[in-house]
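Quick caveat: nothing in here was measured; it's all calculated off a predicted structure.
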Amino acid sequence: MANIAPIAFDNNPNDFKDDSLCGCKGLKKCTTDKCSNFFQKTECQSRCACGNRKFSKTRKVFKYAVQMAGDNKGWGLFATKRIEAGEFILAYVGDVITKEEKDRRFEEYKNRGIKHNYMIQAGKYHIDPTFYGNKARFANHCCDPNVIVEKWTMDRAPQGFKALAFVACKPIEEGQEITFNYKFDYNKENAQPCHCDAGNKCNKWIGKAPPKN
């Protein structure tokens, strides 16, 4: 197993990506569209001295915490400080697995009675935080979310893998729940009513609504 912070890889692929230096000459705040790598949602490699290392560098300031979100939603992720629009919040972390392993685990979890597995596609791989992950797994669905999920190319990651970043798409006030749109396809077996309280923007279902007929 190859461990690549903050993602843990289930397999050990040899086809690693080696990105070029960005040319920003060591700017610590190299997180603007002026940086060629940042503009292409590519994290700079470890030899690069600039600040475009959101996934790999240890963060010292955390602006989120897990707490109960209500009887219908269970646990949720909440802001502990104001978060500005466009701000990186945290990465979606878990076991990085192939589609075949995802299908196998899905059946295993189903047979074991595990109703929630939190697996998300990440390029040609999937991230599974069911047993190994971070607090991102507690973020609830909302039809009018305050977070978008950006897909990034990560230094030293397998070809085809995309790291997932929670980025605020609007200001989030202290104490406000941090949410994103799950964008589930409709599945009769696992269809879930939505309790996001987004008013007339709520789809009433998590993801696509069931057919009307």
Side-chain angles (χ1 to χ4, degrees), residues 5-7 29 31-33 35 38-43 51-70 72-96 116-123 125-130 132-154 157 161-185 192-209:
I7 308 295
K29 295 184 178 180
T31 53
T32 70
D33 289 350
C35 171
F38 184 86
F39 178 75
Q40 299 177 68
K41 290 184 172 57
T42 297
E43 185 181 66
N52 183 26
R53 301 274 297 161
K54 293 181 179 180
F55 291 92
S56 300
K57 284 189 175 181
T58 301
R59 305 188 72 220
K60 296 181 180 179
V61 179
F62 300 95
K63 296 185 177 182
Y64 50 84
V66 176
Q67 64 187 60
M68 286 298 296
N72 292 323
K73 295 195 290 185
W75 297 101
L77 193 66
F78 289 80
T80 55
K81 298 182 179 184
R82 178 180 167 87
I83 300 172
E84 302 297 337
E87 187 173 344
F88 174 92
I89 303 172
L90 75 166
Y92 198 83
V93 171
D95 289 332
V96 175
H116 306 289
N117 58 60
Y118 314 102
M119 288 189 282
I120 294 183
Q121 186 172 355
Y125 293 88
H126 286 74
I127 295 176
D128 178 14
T130 305
Y132 171 83
N134 64 352
K135 292 180 179 179
R137 58 174 281 185
F138 292 100
N140 285 313
H141 165 86
C142 184
C143 299
D144 184 28
N146 48 28
V147 161
I148 59 173
V149 180
E150 291 187 351
K151 297 181 179 181
W152 279 69
T153 299
M154 187 178 172
F161 171 73
K162 292 292 184 179
L164 305 181
F166 280 9
V167 178
C169 58
K170 60 182 74 173
I172 304 174
E173 300 299 332
E174 180 180 347
Q176 188 177 355
E177 186 173 7
I178 297 170
T179 59
F180 71 106
N181 192 325
Y182 288 2
K183 296 182 179 180
F184 286 166
D185 288 331
Q192 299 180 53
C194 182
H195 302 287
C196 72
D197 300 323
N200 58 9
K201 293 184 179 180
C202 180
N203 191 40
K204 308 304 179 186
W205 292 88
I206 296 179
K208 292 184 179 179

- prompt: How about V167 and V147: do any of their side-chain heavy atoms sit closer than 4.5 Å?
  reply: no

message: Is any side-chain heavy atom of Y92 closer than 4.5 Å to one of V149?
response: no

statement: On a heavy-atom basis, the closest approach of F78 and G175 is CD2-O, 3.4 Å

message: Donor-acceptor pair, distance only, cut-off 3.5 Å: does the side chain of N134 make one with the backbone of A91?
response: yes

message: Within this structure, what is the NZ-CG distance for the pair K151 and L164, rounded to the nearest 0.5 Å?
response: 7.0 Å

message: Could you measure the distance from the CG atom of N72 to the SG atom of C196? Nearest 0.5 Å is fine.
response: 11.5 Å

Shortest non-hydrogen contact from C169 toward I148: CB-CG2, 3.8 Å

Nearest heavy-atom neighbours spanning I89 and Y64: O-CE2, 3.6 Å

message: Check the orientation of F161 and Y125. Use parallel for under 30°, tilted for 30 to 60°, and perpendicular for over 60°.
response: perpendicular

query: Can you tell me if Q121 uses its side chain to pair, donor with acceptor, with the backbone of G123 under 3.5 Å?
result: yes

- line: In short, Q176 meets N146 closest at the heavy-atom pair NE2-ND2, 3.6 Å

- line: Of all heavy-atom pairs linking I127 and V93, the shortest is CG2-C, 3.8 Å

message: Under the criterion side chain to side chain contact (heavy atoms under 4.5 Å, CB included), I'd like the reasoning laid out for K162 against T153: C-alpha separation, chi angles, the key distance, then a yes or no.
response: CA-CA 5 Å; K162 292 292 184 179; T153 299; 2.8 Å; yes

query: So, the side chain of N52 versus the backbone of T42: is there a donor-acceptor pair under 3.5 Å, distance only?
result: yes

message: Taking T130's backbone N and O only, do any of them form a donor-acceptor pair with R137's side chain (distance below 3.5 Å, no angle check)?
response: yes

field: K73: partners by salt bridge (charged side-chain N to carboxylate O under 4.0 Å, His left out), with sequence neighbours left out
entry: E177

message: A side-chain contact here means heavy atoms from C-beta on lying under 4.5 Å apart; do N203 and C143 qualify?
response: yes

message: Please list all pairs meeting salt bridge (charged side-chain N to carboxylate O under 4.0 Å, His left out) that have one or both residues in residues 197-207, counting only residues at least two apart or in different chains.
response: D144-K201

Main-chain N/O of M119 paired with D128 side-chain donor or acceptor, under 3.5 Å: no

task: Identify the two heavy atoms, one from A198 and one from C142, that lie closest to each other, and give their separation to 0.1 Å.
output: CB-SG, 4.2 Å

field: Lys/Arg-Asp/Glu bridge criterion (N-O < 4.0 Å) met for E174, K81
entry: no

message: Once ring pair (Phe, Tyr, Trp, His ring centres under 6.0 Å) is applied, do any residues pair with Y182, and if so which ones, sequence neighbours excluded?
response: H141, F180, F184

task: Would you give the length of the straight line joining atom CG of L90 to atom CD1 of I178, rounded to the nearest 0.5 angstrom?
output: 7.5 Å

